[in-house]
Amino acid sequence: MSILLIPIAPLSRTKSRLRNCFPKELLKDLTISMFKDLANKVVNVECFDQKIVYCQDNEILELAEGYGLTGLKEKLTKPRKSFDEVISDLNNIAIKEFNALHTIFTFLDVILISEKNFKDISNLMKINQLVVCPAIHSAGISIFGRRPPNIIPTHFSDPYVPSFVALITDAQERNLKYSVYDSFRAGFDIDVKQDLLLGYEYLKLFNQSNTETFKFLKNNLKLVLQKRNLKNNRQFKISKTK
């Protein structure tokens with residue numbers, strides 16, 4: 001069984017790094033917009049036997065069911081589990097309850113990802129034990145798959161080493177057969193303020209102006225990204241629109 005897994009943080013603490021851009025209610029609306037767009041893409045991808053959304057919020061789970069996805073309620077604990085522990089819990093559910101032979105994790109904020117990206121990852125999983133798409137800006141991970149699902153742990157909670165670097169290093173030490181999936185669209189995620197502005201422009205460039213995320217950003221993003229000087233394309237300043 002090939003299982004696509006989509007873990008989503010509780011809406012009460014979603015995208016906390018963007019709280020300097022939007023109040024909590026708008027961050028919730030952004031999350032719901034991104035989820036609807038992701039659901040619209042994965043519902044049309046036929047290479048997975050199950051597509052599971054894992055979240056504490058009933059609102060997200062009801063939306064998932066409406067798209068024909070399987071919703072599983074996460075049980076929150078005190079203290080909070082690390083992200084690696086959440087990933088492990090969901091992975092184990094996929095193995096024990098859905099007989100997963102390989103699992104693919106994707107995340108809510110990969111707003112440019114396409115149906116083709118999911119199909120590519122699925123095909124690579126047939127010949128590799130690990131497939132990883134690195135996040136564009138952070139040396140993090142935007143999507144990854146494992147065959148079998150428990151062949152290697154994740155390293156999202158490592159305090160010193162970026163998750164992509166840590167996972168690939170571990171895979172090399174274990175002599176696993178792995179593939180790094182090189183994709184700008186699958187690797188771009190929304191994490192910090194600059195990503196919102198770039199994402200808004202990229203959505204236009206990739207003809208995704210009809211998405212819920214684009215509509216949200218068009219209506220609520222009151223910022224503009226500018227070069228700091230004419231000779232440097234790598235340093236930006238972010239200003240409020242008038």
Side-chain angles (χ1 to χ4, degrees), residues 3-45 48-94 97-98 100 103-115 117-118 140-143 156 186 188-193 195-196 199-200 203 208-222:
I3 312 293
L4 179 67
L5 302 172
I6 307 171
I8 299 176
L11 292 174
S12 62
R13 60 173 191 257
T14 185
K15 306 309 294 179
S16 59
R17 293 179 185 174
L18 299 177
R19 286 178 184 166
N20 60 342
C21 303
F22 302 119
K24 279 189 175 182
E25 276 305 307
L26 281 183
L27 284 177
K28 176 182 173 181
D29 292 343
L30 172 61
T31 298
I32 291 172
S33 295
M34 292 192 294
F35 176 72
K36 288 178 177 178
D37 292 336
L38 181 60
N40 271 318
K41 294 171 185 176
V42 303
V43 75
N44 294 317
V45 179
F48 305 112
D49 298 296
Q50 286 279 354
K51 303 156 188 175
I52 298 173
V53 176
Y54 189 58
C55 187
Q56 187 269 335
D57 290 280
N58 289 331
E59 186 172 358
I60 291 292
L61 298 177
E62 289 170 6
L63 281 171
E65 297 288 347
Y67 283 96
L69 310 177
T70 299
L72 293 180
K73 191 174 183 68
E74 179 188 359
K75 296 179 181 179
L76 298 186
T77 62
K78 290 185 179 180
R80 296 176 185 172
K81 292 184 177 179
S82 70
F83 192 44
D84 280 326
E85 289 172 326
V86 172
I87 292 292
S88 179
D89 286 349
L90 179 52
N91 201 54
N92 287 333
I93 291 171
E97 298 186 21
F98 296 90
T103 55
I104 296 93
F105 279 81
T106 192
F107 303 111
L108 188 69
D109 56 358
V110 285
I111 63 171
L112 303 179
I113 201 167
S114 68
E115 294 174 23
N117 293 139
F118 288 113
I141 294 171
S142 65
I143 183 169
F156 290 103
F188 181 84
D189 61 1
I190 297 292
D191 196 35
V192 296
K193 184 186 293 187
D195 299 332
L196 290 170
Y200 177 69
L203 285 168
Q208 295 191 53
S209 299
N210 62 335
T211 62
E212 295 299 318
T213 303
F214 179 84
K215 294 173 187 175
F216 173 90
L217 293 175
K218 183 177 181 180
N219 292 331
N220 297 288
L221 189 61
K222 309 301 182 183

- Apply side-chain hydrogen bond (donor to acceptor under 3.5 Å, both in side chains) to K81 and list each qualifying residue two or more places apart in sequence or on a separate chain. D89

- Message: Please list all pairs meeting ring-ring contact (aromatic ring centres under 6.0 Å, His included) that have one or both residues in residues 58-94, counting only residues at least two apart or in different chains.
- Response: F83-F107, F83-F156

- Query: Given side chains that start at C-beta, do those of L61 and Y54 come closer than 4.5 Å, heavy atoms only?
  - Reply: no

- Distance col, row L112:CG vs Q208:CD, nearest 0.5 angstrom, shows 6.0 Å

- Message: Using only atom types and a distance under 3.5 Å, with no angle test, would you say the side chain of E65 pairs donor to acceptor with the backbone of E62?
- Response: no

- Task: Report yes if some heavy atom in the side chain of L69 is under 4.5 Å from a heavy atom in the side chain of L63; otherwise report no.
- Result: no

- Query: For N58, what residues pass the side-chain hydrogen bond (donor to acceptor under 3.5 Å, both in side chains) criterion, not counting sequence neighbours?
  - Reply: K73

- Query: Would you find a donor on one side and an acceptor on the other, under 3.5 Å apart, between the side chain of D195 and the backbone of D191?
  - Reply: yes

- Task: Identify the heavy atoms of N44 and E115 that sit nearest to each other, and give their distance.
- Result: ND2-OE2, 3.5 Å

- Task: Check step by step if side-chain contact (heavy atoms from CB on, under 4.5 Å) holds for V53 and L72.
- Result: CA-CA 6 Å; V53 176; L72 293 180; over 6 Å; no

- Minimum side-chain heavy-atom gap L203-S209 below 4.5 Å: no

- Backbone N/O of F214 and side chain of T211: donor-acceptor pair under 3.5 Å: yes

- Item | Audit row: L4, I52, side-chain contact (heavy atoms from CB on, under 4.5 Å) steps and yes/no | CA-CA 6 Å; L4 179 67; I52 298 173; over 6 Å; no

- Task: Identify the two heavy atoms, one from R19 and one from L27, that lie closest to each other, and give their separation to 0.1 Å.
- Result: CG-CD1, 3.5 Å

- Task: Please report the shortest heavy-atom distance between A186 and S142, naming the atom on each side.
- Result: O-OG, 2.7 Å

- Can you sort out the partners of E59 under salt bridge (charged side-chain N to carboxylate O under 4.0 Å, His left out), two or more places apart, ordered by chain and number? K28

- Query: Checking K51 side chain against V42 main chain: does a donor-acceptor pair fall under 3.5 Å?
  - Reply: yes

- Query: Hey, are the side chains of F22 and N220 touching, using non-hydrogen atoms and a 4.5 Å cut-off?
  - Reply: yes

- Message: Using every non-hydrogen atom in the two residues, find where I111 and G199 come nearest and quote the distance to one decimal.
- Response: CD1-CA, 4.0 Å

Identify all side-chain donor-acceptor contacts of residues 32-39 below 3.5 Å with residues at least two apart in sequence or on another chain.
from : atom 1 : to   : atom 2 : distance (Å)
S33  : OG     : D29  : O      : 2.9
D37  : OD1    : E212 : N      : 2.9
D37  : OD2    : E212 : N      : 3.3
D37  : OD2    : T213 : N      : 2.8
D37  : OD2    : T213 : OG1    : 2.6

- Message: Contact between T106 and F118 at the side-chain level, heavy atoms closer than 4.5 Å - yes or no?
- Response: yes

- Can you tell me how far CD1 of I3 sits from CD of E97, rounded to the nearest 0.5 angstrom? 11.0 Å

- Are the side chain of D189 and the backbone of D109 linked by a donor-acceptor contact shorter than 3.5 Å? no

- Query: Under the side-chain contact (heavy atoms from CB on, under 4.5 Å) criterion, do V86 and E74 qualify, and how do the steps go?
  - Reply: CA-CA 9 Å; V86 172; E74 179 188 359; 3.7 Å; yes

- Interatomic spacing from CD1 in I93 to OG1 in T70 - rounded to 0.5 Å: 12.0 Å

- No-hydrogen, no-angle side-chain donor-acceptor test under 3.5 Å, T103 and N91: yes

- Does the side chain of I143 come within less than 4.5 Å of I104's, by heavy atoms? yes

- Message: If you apply the rule side-chain contact (heavy atoms from CB on, under 4.5 Å), what do you find for D57 with I8, and how did you get there?
- Response: CA-CA 9 Å; D57 290 280; I8 299 176; over 6 Å; no

- Message: Please enumerate all residues that pass side-chain contact (heavy atoms from CB on, under 4.5 Å) together with S88, with sequence neighbours excluded.
- Response: N92

- In Å, rounded to the nearest 0.5 Å, how long is the span from CG of L108 to CD1 of I113? 11.5 Å

- Query: What closest approach, in Å, do A9 and C55 show between heavy atoms, and which atom pair accounts for it?
  - Reply: O-SG, 3.9 Å

